[in-house]
Amino acid sequence: MDVRTIGEAKVLMVPAEGPPLGSERDATDLIGDALSMGAEAVAIPVERLHPEFLSLASRMAGLMIQKFTNYRLDVVFVGDISQALAKSEALRAFVVESNRGKGVRFVDQL
């Protein structure tokens with residue numbers, strides 16, 4: 001993992017290769033890495049997300065995002081989630097609300 005400056009923010013860039021992410025423990029590990037490297041945000045490629053992450057019923061997204069919020073670190077999920085959005089009105093609403101606020105973003109690319 002490396003830290004990149006994007007705009008004025010230092011962002012921990014999570015590699016696209018590696019085990020699936022989706023648990024609170026995964027979030028805690030990334031938060032520790034980000035804080036130790038002086039990052040203010042973490043960018044996670046959607047390819048790294050657990051297959052159930054975008055299913056809101058699994059609660060993975062909410063629990064993981066809450067950890068980032070608790071530590072006041074921004075999190076950006078990077079990549080195409082259009083297929084998941086097409087299947088879930090609730091996910092579409094969640095992404096729209098997340099992107100309106102601060103701290104959590106879903107983007108196609110950085």
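Positions are given from 1 along the sequence. Note that the coordinates shown come from a computational prediction; the quantities given were computed from them, not determined experimentally.
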Measuring from atom CG of Leu30 to atom CG of Leu73, what distance do you get when rounded to the nearest 0.5 angstrom? 10.0 Å
Which atom of Ala9 lies closest to which atom of Glu40, heavy atoms considered: CA-OE2, 3.7 Å
Taking atom CZ of Phe94 and atom CG of Leu56, what is their separation to the nearest 0.5 Å? 6.5 Å
Partners passing side chain to side chain donor-acceptor pair (under 3.5 Å) against Ser82 (at least two apart in sequence or in another chain): Asp80
Treating Ile, Leu, Val, Met, Phe, Trp and Tyr as nodes and any side-chain heavy-atom pair under 4.5 angstrom as an edge, say whether Leu35 and Val3 lie in one connected cluster. yes
Looking at CG of Asp74 and CG of Leu12, how far apart are the two atoms once the value is rounded to the nearest 0.5 Å? 12.5 Å
Which other residues belong to the hydrophobic cluster containing Val76, where Ile, Leu, Val, Met, Phe, Trp and Tyr are joined when side-chain heavy atoms lie under 4.5 Å apart, directly or via other members? Ile6, Val11, Met13, Val78, Val107, Leu110
Inter-residue atom distance Leu63.CG - Phe68.CZ, 0.5 Å rounding: 12.5 Å
Can you see which heavy atom on Gly22 is nearest to which on Met64, and at what distance? CA-SD, 3.7 Å
Residue among Ile81, Asp108, Leu54 satisfying side chain to side chain contact (heavy atoms under 4.5 Å, CB included) with Val46: Ile81
Which atom of Pro20 lies closest to which atom of His50, heavy atoms considered: CB-CA, 3.8 Å
Do Phe106 and Val96 sit in one hydrophobic cluster, given that two such residues count as connected whenever their side-chain heavy atoms are within less than 4.5 Å of each other, even indirectly? no
Would you mind listing every side chain to side chain donor-acceptor pair (under 3.5 Å) that reaches into residues 11-27, with sequence neighbours excluded? Ser23-Asp26, Arg25-Asp29
Minimum heavy-atom separation for Arg48 and Pro19, please, with both atom names. NE-O, 2.9 Å
Phe53: ring pair (Phe, Tyr, Trp, His ring centres under 6.0 Å) partners, not counting sequence neighbours: Phe77
Report yes or no: does Arg105 contribute a side-chain atom to a donor-acceptor pair with the main-chain N or O of Asn99 at less than 3.5 Å? yes
Under 3.5 Å, side chain of Ser36 to main-chain N/O of Asp33, donor-acceptor pair present? yes
State which residues pass salt bridge (Lys or Arg N to Asp or Glu O under 4.0 Å) with Arg59; sequence neighbours excluded, sorted by chain then number. none
To the nearest 0.5 Å, tell me how far Leu85 CG sits from Lys87 NZ. 11.0 Å
Going by the rule side chain to side chain donor-acceptor pair (under 3.5 Å), which residues pair with Gln66 if we only count those two or more places apart in sequence or in a different chain? Asn70
According to a 4.5 Å side-chain heavy-atom criterion applied to Ile, Leu, Val, Met, Phe, Trp and Tyr, with indirect links allowed, do Met1 and Leu49 form part of one hydrophobic cluster? yes
